[in-house]
There are 2 protein chains.
Amino acid sequence: MNIGTASDRAGLPAKTIRYYEDIGLLAPQRLDNGYRDYSTADVHRLRFLQRSRSLGFSVEECRQLLSLYGDSGRESAEVKAIAETKLAEIERKIVELKGLHGVLSHLVANCHGDGRPECPILDELAGETH
Amino acid sequence: MNIGTASDRAGLPAKTIRYYEDIGLLAPQRLDNGYRDYSTADVHRLRFLQRSRSLGFSVEECRQLLSLYGDSGRESAEVKAIAETKLAEIERKIVELKGLHGVLSHLVANCHGDGRPECPILDELAGETH
DNA sequence: GATAATCCTTCCAGTCACTGGAAGGTCAAG
DNA sequence: CTTGACCTTCCAGTGACTGGAAGGATTATC
């Protein structure tokens, strides 16, 4: 199947699929006319990539997961460890964002936001208060 | 003051400060020997940048905020609007991350993580279940 | 059969916000 | 007077794509 069809099936832009090939994540067959020819197994790999990327795994992590995916002798402990590390990162990011949210919402609440120049948001950013 | 001192005072790497100059965020004086010479006002601007960047504003947003910062005729409504937009983005990101967290923690909980190859995490990523 | 629209190819450049490193000039201490 | 820390510029790389140009292949329409 052509890249356009594979793109539709995998939910990834053709550009991204070619990029994944560039960096060695998959290598479809080629037809006589030079077109890439994706098998259903290729599409599975692409869907795998789409899902794991959207779950926040980096491309390098996806590469590891993908190699485990195709390895019937794999140990699930490896996969679980990668997922647990990623889970901890997500938790950390949520905490950070909540902190940002607290500071910013405080500032927004205290800014009258009218035509006057006084603005506690800028004061805070400048470090003039506290 | 030299860039090293400004770096310490602003809490930004010297590399980053030079980069900010490259993209036109500030332009310190130069000494006869070619060294950059930062005033305390420059350091204030740098601290402003450090704080607003760490609060999740993009460099372009920081540029806007910085121009309002130095503008005594500014209207705080502009600043408040930028901050509110950013606040909404942060909220959206938190929701997304919580969703990711839910999916991943479910998968981790269901993966026995021993030496056997069975692994619901990979099954999920492959789209084999559900 | 000609033509137009769509799809495919490769390659180069740009994004964002830095970061690393090389090559070389300047300055303060011992 | 040399060592080492600091400064300069410039070039290249990061991550994960994305945009676009130039050109070949295929498909649909007239």
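Below, chains carry the letters A, B, ... as their sequence lines are ordered, and counting in each starts from 1.
Using a 4.0 Å cut-off between charged nitrogen and carboxylate oxygen, B:Arg18 and B:Glu21 do not count as a salt-bridge pair.
Side-chain contacts under 4.5 Å among hydrophobic residues (ILVMFWY), followed directly or transitively, place A:Leu31 together with A:Tyr35.
With rounding to the nearest 0.5 Å, the separation of CZ in A:Phe57 from CD in A:Gln64 is 10.0 Å. B:Arg45 CZ to B:Leu66 CG: the interatomic distance, rounded to the nearest 0.5 Å, is 4.0 Å. The structure places OG of A:Ser105 at 8.0 Å from CD of B:Glu91, a figure rounded to the nearest 0.5 Å.
One finds no side-chain N or O of A:Arg36 lying less than 4.0 angstrom from the OP1 or OP2 phosphate oxygen of C:dC8.
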Please list, for nucleotides 23-25 of chain C, all pairs of protein and nucleotide N/O atoms separated by less than 3.5 Å.
{"residue": "C:dG25", "atom": "N2", "partner": "B:Tyr35", "partner atom": "OH", "Å": "3.0"}

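Close approach of DNA chain D to chain A, defined as any atom under 4.0 Å from a non-hydrogen atom of the protein, starts and stops at D:dA16 to D:dT26.
The distance from atom CD1 of B:Ile3 to atom P of C:dT26 is 17 Å, rounded to the nearest whole Å. Distance B:Phe57 CZ to C:dC16 P: 18 Å, rounded to the nearest Å.
The list of side-chain hydrogen bond (donor to acceptor under 3.5 Å, both in side chains) pairs with a residue in residues 5-16 of chain B, not counting sequence neighbours, is empty.
Partners of B:Glu89 under the salt bridge (Lys or Arg N to Asp or Glu O under 4.0 Å) rule, at least two apart in sequence or in another chain, are B:Lys86.
Within residues 10-32 of chain A, the residues that place at least one heavy atom under 4.0 Å from DNA chain C are, in residue-number order, A:Lys15, A:Arg18, A:Arg30.
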